Amino acid sequence: MRASDPAALSPAERYARSRARGGKPLLDAFAERVDFGLDPFQIEACGALEGGDSVLVAAPTGAGKTVVAEFALFLAMQQKRAKVFYTAPIKALSNQKFHEFTAEYGAENVGLLTGDTNINASARIVVMTTEVLRNMIYADSDLLTDLAYVVMDEVHYLADRFRGAVWEEVIIHLSSEVRLVSLSATVSNAEEFGDWLQAVRGQTSVIVSEERPVPLDQHVMVRSKLIDLFDATGKAATNRVNPELMRIARNSMSQSSNRRGSRDRRGGGSYHRGGGAQERADRPEVIDMLDRQNLLPAIFFVFSRIGCDQAVKQVLRAGIRLTTADERDEIRDIVEERCRTILDEDLAVLGYWEWLEGLQRGVAAHHAGLLPAFKEVVEELFQKKLVKVVFATETLALGINMPARTVVLEKLEKFNGEARVPITPGEYTQLTGRAGRRGIDVEGHSVIQWRDGLDPQAIASLASRRSYPLNSSFRPTYNMAVNLIEQFGRARTRDSLESSFAQFQADRAVVDLARKLRSHEESLAGYARSMTCDRGDFAEYAALRREITDLERSGAGKADSQSRADRDSRAKKINDLRRRLKVHPVHSCPDREQHARWAERWWRLKKDTDRLSQQINTRTGAISKVFDRVTDVLVELGYLTAQTDGEMTLTQTGRTLKRIYGERDLLVAECLRRQAWKDLDAAGLAAMACSLVYEPRREENDLADRFLPRGAFRAALEATRHILDSIQQLEARHRLPEGSPISTGLSLAMYQWARGARLDDVLTDADMQAGDFVRWTKQTIDLLDQLQGQPDARVARTARDALDLIRRGIVAYSSVA
């Protein structure tokens with residue numbers, strides 16, 4: 001933030017601003033520091049914070065939600081000792097915020113904690129990943145003293161099925177005295193989420209804004225022509241699709257049909273492109289067109305890392321150059337400064353010279369396979385308007401400050417790990433939210449490249465629906481159970497888990513289900529009255545008829561596969577039921593078939609009613625039921641001891657489990673307890689830790705186990721798998737979901753890296769990009785760091801040695817310059 005000149009406003013304008021802010025003195029002081037006028041939603045949210053409320057702010061990407069977070073920092077710094085924790089879902093965003101806050105408040109007041117980075121942890125303002133804060137709360141860390149505000153950036157991550165539970169753990173168990181600043185993308189159920197926050201955190205103001213600060217113009221690129229997606233003749237407000245696009249779509253379908261007919265008449269075969277087909281402009285042509293129309297800088301979203309890298313090569317081969325000589329000199333100086341610590345022998349392996357050539361020509365890729373230091377350089381150069389075109393995967397849309405003038409979507413579908421699926425309205429909103437730089441652009445632009453078969457109405461539907469629902473992914477874990485039981489006791493923990501957003505949503509659903517159940521029960525009573533017969537119990541008679549029908553149907557489909565004895569047995573049952581039917585009192589009733597029709601309706605509705613009742617029983621107390629199963633497993637394994645009063649206490653092994661976080665918390669604790677890793681050396685323990693955190697992007701080759709470290713590692717792996725099998729059998733008995741198998745695809749590479757192997761050899765053997773290897777190594781480091789704090793002195797010492805061995809080279813390069 002930079003100070004604006006108060007003299008630029010007239011006294012009347014300053015008075016009007018103050019009135020709009022409700023006479024909040026600290027908000028007035030804060031507003032004088034920023035170089036733009038605050039938007040109404042920012043004023044409302046900041047005013048609520050100054051009034052002592054927590055806030056939930058849901059607004060589009062780029063709308064300025066972080067201004068509310070900055071006001072929380074400003075409020076804390078007005079007090080003598082108050083602290084602020086700023087949590088972010090990804091380390092790259094944490095690093096970015098750390099730099100911004102350091103520039104604003106000074107290095108002495110700002111810290112950073114991301115698991116593998118620890119800078120000034122006792123500072124007044126500390127940026128951290130959400131997991132770090134969760135671990136602090138469970139450990140009752142001294143760093144929580146004087147904590148006044150917690151900012152939860154990108155809080156919609158709560159829906160993430162792998163990490164989302166951490167957000168709920170923090171929200172539920174953070175001290176009630178701490179004010180929460182929750183920043184979310186626009187979600188369709190913000191009010192529901194706000195109601196939950198109100199229930200668990202106290203007074204919470206919900207501020208929702210649908211307005212983009214920079215309007216978005218949406219286009220479809222047909223060949224080299226940009227066509228507006230929506231009608232520009234005055235009907236655009238109704239999201240009417242541009243008639244020109246509809247004509248193109250109809251012509252495309254007609255021409256495609258004609259080509260198919262022509263091929264059929266020729267007896268099949270291929271056909272050349274051309275004629276009526278709407279050919280796509282290649283990437284250099286698109287960039288050239290965007291440059292001519294002053295629509296750069298641009299982000300091209302390509303849902304493939306390989307696609308991003310190939311796109312850069314294609315553009316460079318075409319001779320694209322988007323920078324001046326002075327810009328190239330500045331780019332080279334920045335790159336050389338940021339990468340000065342990387343060894344020369346590693347630069348070639350990392351493709352440094354080709355990467356630098358692209359940067360100097362204003363073009364780069366951005367994806368998870370890049371070395372973190374390289375990604376940060378791309379982000380910095382793009383923010384400085386030195387890099388003009390970035391080909392990126394969707395991870396760039398997750399909170400990183402890289403707004404562009406234009407966003408280009410080459411496809412509207414992506415591979416989700418199993419199949420190609422259309423992107424969702426929420427994903428479309430997140431991606432196109434990058435278009436339009438506040439204070440720079442009058443409008444942003446999204447460009448969708450035309451493909452034959454594209455449906456303009458479907459695009460319009462994507463573009464018109466700006467929000468998506470936020471649903472909980474919360475579930476109790478073993479580590480969560482032991483930490484909360486030690487801190488609060490079993491009964492209070494059980495109650496607190498019932499206050500999760502998951503249970504809140506389930507309970508709300510139960511209200512609707514219960515209403516429907518009551519309606520069904522009333523209808524059932526009416527049907528029962530209608531089928532009442534004065535000669536006897538018609539429900540009993542109808543049950544006999546249904547049993548006969550079911551037996552006849554089941555026998556009809558199995559006649560060829562059943563033995564003669566089975567067929568005879570079924571026939572005997574049917575004959576017996578028919579005799580009982582004929583002697584039943586209501587069989588001779590003249591209104592029998594009319595009663596039967598009501599009985600059939602009653603039966604169908606009864607099945608639906610029973611299903612609804614089961615749904616309600618399943619949802620009511622769902623979280624506490626899972627918690628009970630988790631604690632039953634822990635009691636059976638000896639991590640908890642049940643007391644006569646229903647409470648539970650931690651055993652020594654339970655205290656070990658307290659300090660193990662992650663998907664495989666119980667497996668790690670059991671391996672330590674059973675000493676499965678006692679014979680591993682440092683490289684072997686690094687390889688083992690890697691196998692517990694690594695998740696392959698695709699199915700591993702069945703031969704993966706042939707390429708493993710020899711000696712003690714293989715015996716330890718066999719013991720670990722045996723322990724995992726026993727845990728899974730125990731979980732199955734307690735009706736808990738089964739975890740994933742251990743993945744050893746990276747174990748040999750990690751073992752070799754720990755033994756000093758060269759980077760190029762390790763990346764070749766792992767068949768992995770540098771950024772991926774760094775990411776998995778840092779997760780391995782995180783687990784080893786937990787192991788070095790365990791009471792088993794031998795494993796702790798080996799873990800420390802393993803950390804020293806693998807924290808080298810590209811893994812050791814700090815991502816915080």
Side-chain angles (χ1 to χ4, degrees), residues 90-92 94-95 112-118 129 131-132 162-163 305 339 341-343 345-347 349-352 367-376 395 660-664 668 677 680-697 700 704 707-709 713 717 742-789 795 798-816:
I90 51 178
K91 292 179 181 179
S94 297
N95 294 337
L112 177 67
L113 296 173
T114 60
D116 56 343
T117 303
N118 187 330
T129 53
E131 283 84 355
V132 170
F162 297 110
R163 298 175 56 207
R305 300 176 184 187
C339 300
T341 58
I342 302 179
L343 299 174
E345 65 187 59
D346 289 344
L347 291 176
V349 178
L350 297 169
Y352 172 83
H367 56 71
L370 282 179
L371 190 69
F374 282 16
K375 277 200 299 184
E376 289 174 16
T395 54
I660 300 170
Y661 301 94
E663 286 291 311
R664 302 193 187 275
V668 173
W677 303 335
L680 290 174
D681 61 7
L685 187 59
M688 181 60 68
C690 178
S691 73
L692 298 184
V693 299
Y694 176 60
E695 296 171 9
R697 296 186 67 207
E700 282 186 2
F707 304 101
L708 291 175
F713 178 85
L717 177 63
I742 296 170
S743 299
T744 58
L746 192 56
S747 298
L748 182 59
M750 190 60 64
Y751 182 82
Q752 292 169 333
W753 180 252
R755 289 171 64 87
R758 289 163 46 93
L759 176 63
D760 56 347
D761 293 333
V762 169
L763 294 182
T764 299
D765 290 345
D767 190 22
M768 186 172 285
Q769 293 181 299
D772 291 320
F773 180 71
V774 169
R775 187 172 76 258
W776 291 120
T777 305
K778 291 200 169 185
Q779 291 198 31
T780 301
I781 286 170
D782 187 49
L783 179 52
L784 289 171
D785 191 49
Q786 295 175 42
L787 294 179
Q788 74 166 338
V795 171
T798 307
R800 283 193 292 275
D801 293 341
L803 285 168
D804 292 338
L805 292 175
I806 66 174
R807 200 183 271 135
R808 66 178 179 90
I810 61 170
V811 177
Y813 304 146
S814 174
S815 60
V816 182

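Being a predicted model, the structure only gives us computed values, none of them experimental.
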Kindly determine whether Ile342 and Leu350 satisfy side chain to side chain contact (heavy atoms under 4.5 Å, CB included), including the steps that lead there. CA-CA 10 Å; Ile342 302 179; Leu350 297 169; 4.1 Å; yes
Non-hydrogen side-chain atoms of Ile810 and Leu759 separated by less than 4.5 Å: yes
Starting at NZ of Lys375, measure out to CG of Leu370 and round the result to the nearest 0.5 Å. 7.0 Å
Phe713 and Leu685, any side-chain heavy atoms less than 4.5 Å apart: no
Nearest heavy-atom approach of Ser94 to Leu112 is O-CD1, 3.9 Å
Could you list the residues that satisfy salt bridge (charged side-chain N to carboxylate O under 4.0 Å, His left out) with Asp785, not counting sequence neighbours? none
Only counting residues at least two apart or in another chain, list the ones meeting salt bridge (charged side-chain N to carboxylate O under 4.0 Å, His left out) with Arg800. none
Side-chain contact test, heavy atoms from C-beta onward, threshold under 4.5 Å: evaluate it for Met750 versus Ile806 and give yes or no. yes
Return the set of residues passing side chain to side chain contact (heavy atoms under 4.5 Å, CB included) with Asp761 (not counting sequence neighbours), or none when no residue passes. Arg758
Are the side chains of Gln788 and Leu803 in contact, using a 4.5 Å heavy-atom criterion? yes
Side chains of Thr777 and Leu746: does their closest heavy-atom pair fall under 4.5 Å? no
Just do the side chain to side chain contact (heavy atoms under 4.5 Å, CB included) check on Glu131 and Tyr661 with the steps written out, would you? CA-CA 9 Å; Glu131 283 84 355; Tyr661 301 94; over 6 Å; no
For Phe773, the ring pair (Phe, Tyr, Trp, His ring centres under 6.0 Å) test, sequence neighbours excluded, returns Trp753
Set of salt bridge (charged side-chain N to carboxylate O under 4.0 Å, His left out) partners for Glu345, sequence neighbours left out: none
Residues Arg664 and Leu692: closest non-hydrogen pair is NE-O, 3.1 Å
Would Tyr694 and Gln779 satisfy side chain to side chain contact (heavy atoms under 4.5 Å, CB included), going step by step from the backbone distance to the final call? CA-CA 8 Å; Tyr694 176 60; Gln779 291 198 31; over 6 Å; no
Determine the sole option in Val349, Asp346, Asp765 for which the side chain to side chain contact (heavy atoms under 4.5 Å, CB included) test with Asp760 is passed. Val349
Any side-chain heavy-atom pair from Asp681 and Thr798 closer than 4.5 angstrom? no
Which atom names give the shortest non-hydrogen contact between Leu748 and Pro709, and what distance separates them? CD1-N, 3.9 Å
For the student: nearest non-hydrogen atoms of Ala683 and Arg755, plus distance: CB-CG, 3.7 Å
Kindly compute the distance separating SG (Cys339) from OH (Tyr352), expressed to the nearest 0.5 Å. 5.5 Å
Ignoring hydrogens, what is the shortest heavy-atom contact between Leu708 and Ser747? Give both atom names and the distance. CD2-CB, 4.2 Å
Sorted by chain and number, sequence neighbours left out, ring pair (Phe, Tyr, Trp, His ring centres under 6.0 Å) with Phe374 holds for Trp355
Heavy-atom closest pair, residues Ser691 and Ile742: O-CG2, 3.5 Å
To the nearest 0.5 Å, atom CG of Leu787 lies from atom CD1 of Ile660 at 7.0 Å
So Val811 and Ile781, side chain to side chain contact (heavy atoms under 4.5 Å, CB included) or not? Walk me through it. CA-CA 10 Å; Val811 177; Ile781 286 170; 3.7 Å; yes
